[in-house]
Amino acid sequence: MKILKTLMVTAAVSLALMANAAHAENKKIALVVKALGIGFFEAANKGAQEAAKELGDVEVIYTGPTSTTAEGQIEVINSLVAQKVDAIAISANDKDALVPALKKAMDRGIKVISWDSGVAPEGRLMHLNPSSNALIGNMIIKLAADHLPEGGDVAVLSASATATNQNTWIEEMKKVQGNYKGINVVATVYGDDLADKSYRETQGLIQSYPNLKAIIAPTSVGIVAAAQAVEDAGKVGQINVTGLGLPSEMAGHVKAGSSKSFAIWNPIDLGYSATMIAYDLIGGAEAKPGAELKMGRMGTVKLDENNEGAMADPFVYDASNVEEFAKIF
């Protein structure tokens, strides 16, 4: 009888250990960013970790290259394939160059989505835009025009020349440029999401265009560098820096007067939403035109004919609210 009781206890313990081991096998979702060390993406990771905690059976692997190159991201993708992750959610440095590596991942059963900066359709299941491209394009030029009632020369400081989202927003901006009287876009330059290069490119714009009135930087790295360059050049009040940035990084420049206003969606929400979508796809949801995929507290996203969807509208920050939001991200 004692032997039987011992066997029963042993069996119960074994079953419990097996159950715990099964529970411990969390789904692995890789959040791949353009480069490590960028505040926007670190905030997105906070959202991804929030989603993982809420879901309970998810491990988020936050990773990316050390510089904004396609080659660096390809190395990261190949490593994740070898690790047999369940999903990859990537903000792409190059929409086409990553396709072969991501197709290899999908062939291995890994769910691949892009977010923020998209991948060509053949390299992903769906793409999550942070907002509507048309709304972003209109917003970034409107932010400049709002403070130029008589018009004036405006330049664009973008990230890399191959960044999908940047190029799309600039194209949308140009489509509505005619709606803003007297706004003349004189140049587009690229800082490659590097602070020092963005700073130098801004210096070049200031020197090349003496009548420059505004710089539009639809990149969180570029806008900070441009604002600093304007301040260092003694051009506060003459050149307004605007575009897309983080409140925590821009609050000081708004106070200094180099930026009157800027916009951004909440990157925490973006990382959260991308993780939730990846989890939904792992669970069997299908990414197809018309489908609505779950984004947790952000609701659902409906996919268009290109399997793309938008998370939310951009939000404007200025002296009236930037300090409040700077405490958050």
Side-chain angles (χ1 to χ4, degrees), residues 34 40 68 91-96 113-121 124 126-148 151-193 198 201 205 212-223 226 240-246 250 259-267 269-270 273-274 289 301-317:
K34 291 181 178 180
F40 178 89
T68 54
S91 176
N93 284 323
D94 188 308
K95 71 181 181 69
D96 297 314
I113 70 170
S114 56
W115 57 282
D116 179 50
S117 184
V119 174
R124 45 79 172 168
M126 64 83 65
H127 173 65
L128 178 66
N129 288 306
S131 182
S132 157
N133 290 323
L135 287 174
I136 296 168
N138 180 70
M139 176 64 76
I140 58 178
I141 195 166
K142 181 180 183 297
L143 287 168
D146 281 348
H147 300 284
L148 294 172
D153 289 350
V154 174
V156 177
L157 171 63
S158 185
S160 67
T162 58
T164 314
N165 54 348
Q166 303 280 311
N167 291 334
T168 301
W169 300 334
I170 293 168
E171 287 175 12
E172 293 293 339
M173 181 194 80
K174 290 178 178 178
K175 288 179 184 178
V176 298
Q177 181 181 341
N179 296 341
Y180 300 97
K181 184 179 177 181
I183 298 298
N184 179 34
V185 179
V186 295
T188 299
V189 297
Y190 302 94
D192 292 336
D193 262 348
S198 297
E201 292 291 346
L205 289 172
L212 193 63
K213 300 297 183 185
I215 296 172
I216 298 170
T219 149
S220 63
V221 174
I223 192 173
N240 175 38
V241 177
T242 189
L244 304 176
L246 299 178
M250 286 299 293
S259 179
K260 297 183 184 298
S261 61
F262 63 96
I264 198 68
W265 36 91
N266 189 328
D269 290 344
L270 191 55
S273 298
V301 59
K302 187 171 184 178
L303 303 185
D304 63 14
E305 65 277 6
N306 298 315
N307 273 9
E308 297 186 15
M311 184 188 73
D313 293 334
F315 184 82
V316 176
Y317 303 87

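Here, residue 1 is the first one in the sequence, and each next residue gets the next number. Quantities reported herein were computed from a predicted structural model and do not represent experimental measurements.
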Original post:
Could you walk me through whether L205 and L212 pass the side-chain contact (heavy atoms from CB on, under 4.5 Å) check?
Top reply: CA-CA 8 Å; L205 289 172; L212 193 63; 4.1 Å; yes

Original post:
Are I136 and M173 close enough, and set up right, to give a side-chain contact (heavy atoms from CB on, under 4.5 Å), and what steps lead you there?
Top reply: CA-CA 8 Å; I136 296 168; M173 181 194 80; over 6 Å; no

**OP:** Could you walk me through whether N307 and R124 pass side-chain contact (heavy atoms from CB on, under 4.5 Å), step by step?
**Re:** CA-CA 9 Å; N307 273 9; R124 45 79 172 168; 3.7 Å; yes

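The two atoms that bring I140 and I216 nearest to each other are O-CD1, 3.6 Å, heavy atoms only. Minimum interatomic distance between G309 and V301 (heavy atoms only, all atoms of both residues): CA-CG2, 3.5 Å. Listed here is the closest heavy atom pair of G151 and I183: CA-CD1, 4.1 Å. Across A310 and S132, no two heavy atoms sit closer than the pair CB-N, 3.8 Å. Scanning all heavy atoms of the two residues, the minimum distance from V185 to Q177 falls at N-NE2, 3.5 Å. Closest of all the heavy-atom pairs between S117 and A163 is OG-C, 4.2 Å.
Side chains of E172 and L135 form no contact here, defined as non-hydrogen atoms less than 4.5 Å apart. Side-chain atoms of S158 and I170, non-hydrogen and from C-beta on, do get closer than 4.5 Å to each other. You'll find the side chain of K213 stays beyond 4.5 Å of the side chain of N240, heavy atoms only. The shortest distance between side-chain heavy atoms of L148 and Y180 does not fall below 4.5 Å. Put simply, the side chain of F262 does not reach to within 4.5 Å of the side chain of L244, judged on heavy atoms. Two residues are said to be in side-chain contact when any heavy atoms from C-beta on lie closer than 4.5 Å; K34 and N93 meet this criterion. Side chains of V154 and I215 form no contact here, defined as non-hydrogen atoms less than 4.5 Å apart. Contact check for P314 versus I264: no side-chain heavy atoms found under the 4.5 Å cut-off.
Contact check on E171 versus K174 returns no salt bridge, with no Lys/Arg side-chain nitrogen under 4.0 Å from an Asp/Glu carboxylate oxygen.
Between atom OG of residue S273 and atom CH2 of residue W115 there is a gap of 10.5 Å, rounded to the nearest 0.5 Å. Rounded to the nearest 0.5 Å, atoms CD1 (I141) and NZ (K175) are 13.5 Å apart. One distance of note links CG of D94 with OG1 of T162; it measures 4.5 Å at 0.5 Å rounding. Interatomic distance, CG of L128 versus CE of M126, reported as 5.5 Å (0.5 Å rounding). Within the model, atoms CH2 of W169 and CG of N129 stand 8.0 Å from one another, a figure rounded to the nearest 0.5 Å.
Side chains of D193 and T219: a donor-acceptor N/O pair is present below 3.5 angstrom, by distance only.
In this structure, the side chain of T242 engages the main chain of S261 through a donor-acceptor pair within 3.5 Å. Between the side chain of S160 and the backbone N or O of D192 there is no donor-acceptor pair closer than 3.5 Å. At distances below 3.5 Å, at least one donor-acceptor pair connects side-chain atoms of N167 with backbone N or O atoms of A161. Between the side chain of S131 and the backbone N or O of A312, at least one donor-acceptor pair lies under 3.5 Å. Side-chain N or O atoms of S220 include none that pairs as donor or acceptor with a backbone N or O of G245 at under 3.5 Å.
Shown here are the side-chain contact (heavy atoms from CB on, under 4.5 Å) partners of D304, two or more places apart in sequence or in another chain: N306, E308.
Below 30°, between 30° and 60°, or above 60°: for F40 and W265 the angle between ring planes is above 60°, a perpendicular geometry.
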